[in-house]
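Below is one structure, written out as structure tokens, with a few remarks after it.
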Amino acid sequence: MIGSLLSNAGVWMPLAWLFVLVVTWAIVYYIRSRGEARYHKDTEQVRPFLAGHPETSKAAMHVRASNEYWGFMEALKGYYHPLIKGHTGNLNDYICWFTCILAIVLVLVISVGV
Amino acid sequence: MSAIESLRLHSPALIIAIPLLTAFIIPLLSKIIGPKARNGFVVAVLTGVLALVLLLAHDVITGGTRTYVLGGSTPLLTLPSGYQVPVRIMFVIDAMGVFMGIMCGVIALVAAIYSCMETYEGLYKFYTLLLLVTTGIFGLVFTGDLFNLFVFFEILSIASCGLVAFKIDSPMSMEGGFKYMVISDIGGLSLLVMIGLLYGQYDALNIGMLANRMDYGMIDIIALGLIVTALLMKSGSVPMHMWTPDAYGETPSSVTIMIVGASLSSLYALFRICFTLYGGFIGINVAGWIIVILALISILVGVTMAIPQTDFKRLIGYAAVAEIGFILLGLGAGLASLSGNSVDAYGIKAMEGSIFHIFNDALDIGLLFFVAAVVSYATGQRNLNNLCGLGRKMKYTTFLFIIGLAAVAGLPPMNGFASKFLIYESVFHLNPILAIIGILGSIMMLAIFVKAFSGAFLGPPVPELETYKKVPRSMLFAMSIVVAIIVFFGLFPDLIVDNLAHPAAQALVNHSEYISHAIRIGGV
Amino acid sequence: MLWNIPYIAVVALIVLGLYACMFKSNLVKIIIGTSLLEAGANLFLITLGYRKGGIAPIFTNAPSTESMVLPVPQALVLTSIVIGLAVTALLLSIVVMIYRHYGTIDAKKVRRLRG
Amino acid sequence: MTPMSKIVVLVTNLLCGFILVFGFYVIVHGHLTPGGGFQGGAVVASACALVVIAYGDKRVKERLSYDAFSAIEASGLIAFVGLGFFGLGATFFYNFLAVERISSLRWLFGAKALIGPNPGDINTGGVIPLLNLAVGTEVLGALSIVLLLMLMTYTPKRGEAEIEESTAGRRAQETGEKHETGGN
């Protein structure tokens, strides 16, 4: 059938997938529209309740890009520190990596191929 | 013979000669006609070349492998009377070569349209380099001669190093260009030593003739190890990948997609040499497993290294390394299950997935680099920490970034998912761990671009980013072409896989058919 | 033993070139290393085409008695030398620009792109 | 670079003619004696190098303009690929001059070459001498540009260098490429 990608273990039909997506979206939207329309924009409801503390400016609250995954990188410090140190940016190291991999590949291929 | 007929007959040579000719007409022309007319001329030439490539693709798909002998009395005269060895330089174009040709035609056209708004001085040299990279990729993917492969590989490297180091004012692009060129030079020289090794033994440079005469002695094994390492370095698999973010991050915004295309065409060279030259070699499964292991490491390292990045383009550079890992995964799986002239059902599907992924990867990573370039063009900022709340003002760019993000991370409706789906399903049968790490890599890829998306586009409008330059329409037009192709391939992947990727995988696996075309006695 | 001395020279050149590229931190020495590598590859191609007692493969006024050396590797080396020139000229002009920006050509210092 | 002494300038004036003649000899006789496009072009470019060294960069900048050599280079390669297009009757880069079919073009490099050792008649080789000429002009232009560019970027430390530094610095700000040094 047009638009169906066969791999030997399964099939992927993007059009059918989209159709199902649209149907579920329609159902969800219908359920949402049945709810009570008590939410009004830019009114008292929108402001966060901070127990009386002054609200800091939105720009200051925005999580900047580099501390987005702060926890992830803090947890994997043992893995990240050597990895970042490994990327030295020094051209000599790039070529050292090349010769090491060349040696390993030659040993592997010769030991099996002969 | 009608014009169309002669075009169809000579199309392989024209596809390479026309960009080369325009590459050197432009310096002369730009003295006469204005910049607008020159941009239009380049775009017109590249659309013509893309049309020629599609014409050639139609011929190759219906008519089987095409050979074109440069300089022979008829295009098919591979062995003139009285010769046992094909002497002239030949183009042997099978489904795989033409698939890569379509990729190169599309990305060259998109890069040319995108760069209509470039504001560097000495811009005509920019187009000369762009067209030289296009000629290099076309030559690399069409040629049937090993030394010709080396020459086009070097044309590609020198021209794309010229593009990487084009902004002579910024010290970073100088450093990136220098590293790129030394790495490509060492890769090219090991390719030359490999050619020496094979030529010394079999006294033939034609890939078909060599594959026919190979008997896989000790020297051929050394040559295989040398060339696999050199091409893995040039395409950026892990331990030798560190030049990739340096070079991709510093290229002028419109041609990063061409440098990505250049490293993908060195992946094509890896496909060609491993399958066609060393197809019958028993030890090729070992090389397949080496490539699979390096692919896994490059998926993991590429993805994890992208998370701590703050520079937008460097982050996408590391994502490109992970994408190369996915393609190598499919390639390695295909190689590992290759036996003589046939591959089991899962191997073919893995190769189809990775060939299709080459095309998708070029488009997705190219689109993301275009979005990064538009963001740095509009706000002048490259560091993600200073960007905030661009989504409000640059709505269309945000929409494009979401599509690019979904495509690279392999979310269902996009083309990334179609090719990764093929790779995971078939690689799972080789060894379940491969598919698990692949899916983990895709999820982490999504995490990276969620970080880039929320960092740059979400959040409140920040006062210092208020004034930003309006994004020119030629950039948006180029990006919408790429998005249209991505969505089309996402919704109808079987059109591409059945018509192009499957014959390409088939053409690679049974290399004897390739050999018969290359050394057809007497020519028809 | 005598006939494989060129091959020993090829191995020596390639090893020297790689050594220079790997351990020398001066950028110009890295370029010298790449051109050493290139010289090694070219010498390898030339010695492949050698025939004992052969003369240069030029037909113009060639003495018809001796046999000639294989011409094909020499054509390959010609192209490789042209490519080597282009690469070295490009690398040297980039090193000139790097010196203007960084003020140094030490590979340990020229690495703002890292991490 | 400061211009050289009077003697060197005089010798250069004498030698330049001979170098150019020898360079073009090597280009044109490419299909007979060792040489050809690239080697001959390199010899001619060495004449340009001699002039550049002898006359110093001030006078060279007025006389030898970058655009002229760029035009030579571009026209050389257009001629080379154009000759390839001429062969499209049969295939690309087909040696249409060496074949007896086109009798009218017989006089231009169309004679039959003897196989094996021969005295070397220049009128043989079909398109190859023309291709050598095209490659020769292309390489001549390209190598002279390389020499001129190397000359222009090289400025002695005193005087001019500071101006050069500031212009490079100012241009960096103009293009808005703000890279914080020290990396991330």
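In this structure, the portion of C/Leu45 lying under 4.5 Å from any heavy atom of chain B is its side chain and not its backbone. Interface remark: C/Leu27 contributes backbone and side-chain atoms alike to the contact with chain B (heavy atom separation under 4.5 Å). Residue B/Asp185 touches chain C through its side chain alone, counting heavy-atom pairs closer than 4.5 Å. Using a 4.5 Å cut-off between heavy atoms, C/Leu113 touches chain B through backbone and side chain atoms alike. Contact of B/Met242 with chain C is not made at all, since no heavy-atom distance falls under 4.5 Å.
The minimum heavy-atom distance between B/Phe147 and C/Leu76, with the atom names listed, is CZ-O, 3.4 Å. Smallest separation of non-hydrogen atoms from B/Ile186 and C/Leu37: CG1-CD1, 4.1 Å. Annotation for B/Glu175 and C/Arg111: closest pair OE2-CA, 3.1 Å, computed over non-hydrogen atoms. Residues C/Ile94 and B/Met174 share a closest heavy-atom pair of CG2-O, 3.6 Å. Shortest non-hydrogen contact noted between C/Ile83 and B/Val151 is CD1-CA, 4.3 Å. Listed here is the closest heavy atom pair of B/Gly196 and C/Leu48: O-CD1, 3.0 Å.
When the heavy atoms of residues 10-22 of chain C are compared with those of chain B, the residues falling under 4.5 Å are C/Ile14, C/Cys21, listed by number. Interface with chain C: from residues 197-204 of chain B, residues B/Leu197, B/Tyr199, B/Gly200 qualify, criterion being any non-hydrogen pair under 4.5 Å.
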**Report entry** Candidate pair B/Leu192 and C/Asn42, rule side-chain contact (heavy atoms from CB on, under 4.5 Å), full reasoning
**Finding:** CA-CA 8 Å; B/Leu192 187 62; C/Asn42 290 346; 3.9 Å; yes
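Of the inter-residue distances, the one linking C/Met97 atom CE with B/Ser170 atom OG reads 10.0 Å to the nearest 0.5 angstrom. Annotation: the span from B/Asp169 atom CG to C/His101 atom NE2 amounts to 6.5 Å, rounded to 0.5 Å.
The side-chain heavy atoms of B/Phe178 and C/Ile31, taken from C-beta on, include a pair separated by under 4.5 Å.
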